[in-house]
Colleague: 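This structure is in structure tokens; I'll ask about it shortly.
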Amino acid sequence: RVQRVRASAEAQMSFAAREHPHLVADGLGGFIFPRFHPSFDGLFTIVKLLELLAVDGRALSEVMDATPVAHLARLKVSCPWQEKGRVMRMLAQDKDTERTKQVDGVKHQWDDEWVLVLPDADQPVFNVWAEARDLDRAWALVHEYAERLGSFQGS
């Protein structure tokens, strides 16, 4: 079962300490194993990876070769503090997507691609992430959304 939590390290560690799931992952390579310790631990992550590989009897290179390539692009888009809430509301009301998810950003999803607009908690910027069938399409999506965010500002 997958449960989504806010993207901040504080929210993820609090969830780990409170709920004791098997694993918490931040999507950027950080992992928490709450039964060991409810905070991010890179060394323990490597130990668990080696354990899983030994149990499965496979080499890391085999697993990497079998893993599909993810075509991700990320762009930071400036936005004045006072505009961020309004811009997020306008983006959340977009009718052009099949599915929209809102945890602490707005994620628009289609069959084989998605765009996530995540407001930065510490800076007057949005982080725009996209995954698509190829890298060119992912970059096209982040630039399209960067332009859309720019058009929402001051309107």
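Counting from 1, the numbers follow the sequence of the chain as shown. Only heavy atoms go into these numbers, but all of them, side chains included; no hydrogens, no water, no symmetry mates.
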Colleague: Is the backbone of F152 close enough, under 3.5 Å, to the side chain of R86 for a donor and an acceptor to pair up by distance?
Modeller: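 The answer is yes, because a donor-acceptor pair under 3.5 Å joins these two groups.
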Colleague: Are any side-chain N or O atoms of E147 and backbone N or O atoms of E144, one a donor and one an acceptor, separated by less than 3.5 Å?
Modeller: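 Side chain of E147 to backbone of E144, a donor-acceptor pair under 3.5 Å: no, none is there.
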Colleague: With rounding to the nearest 0.5 angstrom, report the CZ to NZ distance, F36 to K48.
Modeller: 10.0 Å
Colleague: Taking the side chain from D120 and the backbone from D122, do they hold a donor-acceptor pair closer than 3.5 Å?
Modeller: yes
Colleague: Over 60° means perpendicular and under 30° means parallel, so tell me whether F33 and F44 are parallel, tilted or perpendicular.
Modeller: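 F33 and F44: perpendicular rings.
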Colleague: Are F31 and D41 close enough that some pair of their side-chain heavy atoms sits under 4.5 Å apart?
Modeller: no
Colleague: Could you walk me through whether V142 and R74 pass side-chain contact (heavy atoms from CB on, under 4.5 Å), step by step?
Modeller: CA-CA 7 Å; V142 294; R74 176 184 176 206; 5.9 Å; no
Colleague: Measure the spacing between NE2 of H143 and CZ of R148 and express it to the nearest 0.5 Å.
Modeller: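 Result: 15.0 Å between the selected atoms.
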Colleague: Do M88 and P119 have side chains that get closer than 4.5 Å, going by heavy atoms?
Modeller: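 M88 reaches P119 side chain to side chain.
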Colleague: Flag the pair L75 / F126 as yes when at least one side-chain heavy-atom distance between them is below 4.5 Å, and no otherwise.
Modeller: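 L75 does not reach F126 side chain to side chain.
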Colleague: Ring pair (Phe, Tyr, Trp, His ring centres under 6.0 Å) for H108 and Y145? Distances and angles first, verdict last.
Modeller: CA-CA 10 Å; H108 289 167; Y145 271 71; 5.6 Å; yes
Colleague: Nearest 0.5 Å please: distance from the CD atom of Q153 over to the SG atom of C79.
Modeller: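 Q153 CD to C79 SG: 4.0 Å, rounded to 0.5 Å.
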Colleague: Decide yes or no for K107 and W129: does some side-chain heavy atom of the first lie under 4.5 Å from some side-chain heavy atom of the second?
Modeller: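 The answer is no, as the side chains (C-beta and beyond) never meet within the 4.5 Å cut-off.
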Colleague: Run the side-chain contact (heavy atoms from CB on, under 4.5 Å) test on V115 and V128 for me, step by step, so that the C-alpha distance in whole Å, both residues' side-chain angles and the decisive distance to 0.1 Å come before the verdict.
Modeller: CA-CA 7 Å; V115 175; V128 181; 4.0 Å; yes
Colleague: Are the side chains of Q123 and K76 in touch, meaning some heavy atoms are under 4.5 Å apart?
Modeller: yes
Colleague: Test side-chain contact (heavy atoms from CB on, under 4.5 Å) on I32 and L23 and set out the steps.
Modeller: CA-CA 6 Å; I32 301 172; L23 174 70; over 6 Å; no
Colleague: Show the nearest heavy-atom pair for residues A138 and A130, with the distance to one decimal.
Modeller: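 The pair with the smallest heavy-atom distance is O-CB, 3.5 Å.
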Colleague: Indicate whether the side chain of H71 and that of R137 have a donor and an acceptor atom separated by less than 3.5 Å.
Modeller: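 Result is no, nothing qualifies.
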Colleague: Please indicate whether E10 has more than 12 foreign heavy atoms, meaning atoms of other residues, nucleotides or ligands, lying under 6.0 Å from its CD.
Modeller: no
Colleague: Can any side-chain N or O of H37 pair as donor or acceptor with the backbone N or O of P34 at less than 3.5 Å?
Modeller: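 Not a single qualifying donor-acceptor pair exists.
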Colleague: Report the C-alpha distance between D65 and V63 in whole Å, list the side-chain angles of each, state the deciding distance to 0.1 Å, and finish with yes or no for side-chain contact (heavy atoms from CB on, under 4.5 Å).
Modeller: CA-CA 5 Å; D65 289 343; V63 174; over 6 Å; no
Colleague: Is there a side-chain contact between L53 and L49, using heavy atoms and a 4.5 Å cut-off?
Modeller: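 Yes, close enough: below the 4.5 Å cut-off.
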Colleague: Donor-acceptor pair, distance only, cut-off 3.5 Å: does the side chain of D26 make one with the backbone of G29?
Modeller: yes
